[in-house]
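Presented below is the structure to which this report refers.
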Amino acid sequence: MPEFENFNVKTTIDCKQGAVRAVRYNVDGTYCLSCGSDKKIKLWNPASGLLLKTYGGHADEVTDAAGSCDSSYIVSASLDKSIIYWDVSTGAPVRRLRSHAGGVRCVCFNEDSSIAISGGRDNAVMCWDIRTRRLDPVQVMKEARDCITTVATNENRIYAASLDGCVRTYDIRVGELTCDKIGEPITYLAQTRDEQCLVAGCQDSVVRLLDCETGGLLSEYRGHRGDDYHIECGILSNDAQIVTGSSDGDAFVYDLLDGKVLQRIRISDNGGVVHSLATHPKRQEMLFARRRDMYVFSTDLQIEEEQL
């Protein structure tokens, strides 16, 4: 197994959009998105820090965004209770979808980007067929008892994490729901690349590794601080390290197998919650959001390779 290389800051971007609520890579990691409290989404080149486009159309803070599988569309979620489907190149909203009774917290695409899945403060998960002109959701799941914090999907399943302390798995093939109770409010959920495990960030300052098939707890990672914030977590492209933000201005990289802290990344000396992050789909690279800034971190090895 390759030795762990420490991460170093590569680019710091002042997003100039108020507080940055979420940062996300596109499907191949060439571009990234930042969601702001100024009601806008911005598209960036993370390598150069160049702003490529701004998307404006929401009436409240943008909480989440996702790029389609061919990077030609974006879907975004907002506290204005709507989801907007954007054309990347023109910057125009193609469709605005409204059915949530509260602010929309999270959104994602299915594998071929034909369906958008959203979760909201109204405790509902909704599936939208965005290739048709239909404005109503094709399916509504209302089993959760508190705000949905993350929706994730693969070919056969939809995962929904909620502040009620449960991960709900909707098996699309057989139409079954499985509910795995963690017992602590879950603020974020990420899938490993091999789709065998889920990484759940919880409000008790513990990140938990869950088995997708059984729902069993495989490991726990402690060291960071949650402090009632919506702190995100992720898994690096090699499926060997887990990363999480922290309320003390740091980010933590854990070894997936033994749970040790491999690196405590100091994002800023003057505090600020590191709440949102994204891991690059192919490289040892990460995005972090803190206050109004977005940070791009990668390993020494990569920076040296790029300079050669």
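Throughout, residue positions are numbered sequentially from 1 according to the sequence presented.
- Here SG of C127 is found 4.0 Å from CE of M141. Values are rounded to the nearest 0.5 Å.
- Between the S237 side chain and the P281 main chain, no donor and acceptor come within less than 3.5 Å of each other.
- In summary, D38 and K42 do not engage in a salt bridge, as defined by a charged side-chain N under 4.0 Å from a carboxylate O.
- A salt bridge is defined here as a Lys NZ or Arg NE, NH1 or NH2 lying under 4.0 Å from an Asp or Glu carboxylate O, and K10 with E285 meets this definition.
- With 3.5 Å as the limit, one finds no donor-acceptor pair spanning the side chains of N156 and N154.
- T244 places no side-chain N or O within 3.5 Å of a backbone atom of C233 that could act as its donor or acceptor partner.
- By the neighbour-count criterion of 12 heavy atoms within 6.0 Å, atom CZ of R134 is densely surrounded, having more than that number from other residues, nucleotides or ligands.
- For the pair V23/Y295, no side-chain contact is recorded, criterion being any heavy-atom separation below 4.5 Å from C-beta on.
- Between Y229 and H275, the distance separating the two ring centers is not shorter than 6.0 angstrom.
- For R95 (side chain) and T132 (main-chain N/O), a donor-acceptor pair under 3.5 Å exists by modelled atom type.
- Taken together through direct or relayed side-chain contacts under 4.5 Å among Ile, Leu, Val, Met, Phe, Trp and Tyr, V296 and L52 form parts of separate hydrophobic clusters.
- Taking 4.0 Å as the cut-off between side-chain N and carboxylate O, D64 and R24 count as a salt-bridged pair.
- Residue D248 forms a side chain to side chain donor-acceptor pair (under 3.5 Å) with just one option from R264, R225, H224, and that option is R264.
- Side-chain atoms of S76 and H58 include a donor-acceptor pair closer than 3.5 Å.
- For R105 and S78, the side-chain atoms include no donor-acceptor pair closer than 3.5 Å.
- A single hydrophobic cluster is not seen to contain both I41 and V94; linkage of ILVMFWY side chains at heavy-atom distances under 4.5 Å, directly or through other members, places them apart.
- R208 CZ to L218 CG: the interatomic distance, rounded to the nearest 0.5 Å, is 12.5 Å.
- Between the side chains of N110 and S114, a donor-acceptor pair is found at a separation under 3.5 Å.
- Look at R133 and D129 and you find no salt bridge, because none of the NZ, NE, NH1 or NH2 atoms lies under 4.0 Å from a carboxylate O.
- I83 places a side-chain heavy atom less than 4.5 Å from the side chain of V75.
- A 4.5 Å side-chain heavy-atom check between Q241 and L256 finds every atom pair outside the cut-off.
- A single hydrophobic cluster is not seen to contain both L236 and V27; linkage of ILVMFWY side chains at heavy-atom distances under 4.5 Å, directly or through other members, places them apart.
- Between the S68 side chain and the I74 main chain, no donor and acceptor come within less than 3.5 Å of each other.
- A heavy-atom distance below 4.5 Å is found between the side chains of L97 and L135.
- The minimum heavy-atom distance between W86 and G57, with the atom names listed, is CH2-N, 3.7 Å.
- No path of Ile, Leu, Val, Met, Phe, Trp and Tyr side chains, each step under 4.5 Å between heavy atoms, connects M294 with V9, placing them in separate hydrophobic clusters.
- Judged by distance alone, the side chains of S268 and R290 do bring a donor and an acceptor atom under 3.5 Å apart.
- Closest non-hydrogen pair, G234 versus L277, comes out as N-CD1, 3.9 Å.
- Ring geometry for Y73 versus Y85: interplanar angle under 30°, hence parallel rather than tilted (30 to 60°).
- Taking every heavy atom of both residues into account, S118 and W128 meet most closely at OG-NE1, 3.0 Å.
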Full working for side-chain hydrogen bond (donor to acceptor under 3.5 Å, both in side chains) between S89 and D87: CA-CA 6 Å; S89 54; D87 185 301; 2.8 Å; yes
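- No continuous path of ILVMFWY side-chain contacts below 4.5 Å connects L217 to Y254, so the two sit in separate hydrophobic clusters.
- Using modelled atom types, one finds a donor on one side chain and an acceptor on the other under 3.5 Å when comparing Y170 with E143.
- Annotation: the span from C197 atom SG to I235 atom CD1 amounts to 7.5 Å, rounded to 0.5 Å.
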Step by step, would you call K260 with D255 a salt bridge (charged side-chain N to carboxylate O under 4.0 Å, His left out)? CA-CA 5 Å; K260 285 183 190 159; D255 187 283; over 6 Å; no
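- Under the 4.5 Å side-chain criterion, counting only non-hydrogen atoms from C-beta, I148 is in contact with C106.
- The closest donor-acceptor contact from the side chain of T63 to the backbone of V104 lies under 3.5 Å.
- A distance-only check finds a donor-acceptor pair linking the side chain of Q17 to the backbone of K40 [under 3.5 Å].
- Contact of the D28 side chain with the K282 side chain is registered, since non-hydrogen atoms from C-beta on lie closer than 4.5 Å.
- Within the 4.5 Å cutoff, side-chain heavy atoms of N6 are placed close to those of F4.
- In this structure, the side chains of L43 and Y55 come closer than 4.5 Å at one or more pairs of heavy atoms.
- A donor atom on one side chain and an acceptor atom on the other are not found under 3.5 Å apart for H230 and T149.
- To the nearest 0.5 angstrom, Q284 atom CD is 9.0 Å from E5 atom CD.
- For the residue pair V88 and S71, the shortest heavy atom distance occurs at CG2-O, 3.5 Å.
- Classification of the H280-Y25 ring pair by plane angle, with boundaries at 30° and 60°, yields perpendicular.
- Panel note: side chain S246, backbone A251; no donor-acceptor pair is recorded below 3.5 Å.
- For the residue pair I13 and G49, the shortest heavy atom distance occurs at CD1-CA, 3.7 Å.
- The shortest non-hydrogen separation linking D228 to Q203 is O-NE2, 3.7 Å.
- Between R173 and D171 there is a salt bridge, since at least one side-chain N of the basic residue sits less than 4.0 Å from a carboxylate O of the acidic one.
- With hydrogens and angles ignored, the 3.5 Å screen pairs no side-chain donor or acceptor of S219 with any backbone N or O of L209.
- Remark: the T187 side chain and the E232 side chain contain no N/O donor-acceptor pair separated by less than 3.5 Å.
- Salt bridge absent: E195 and R193 never bring a charged side-chain N and a carboxylate O closer than 4.0 Å.
- Of the N and O atoms on the side chains of T12 and D293, not one donor lies less than 3.5 Å from an acceptor on the other residue.
- Taking the centre of each ring, F297 and F7 stay at or above the 6.0 Å mark.
- The existence of a salt bridge linking R157 and E111 is excluded, since no basic side-chain nitrogen approaches an acidic carboxylate oxygen closer than 4.0 Å.
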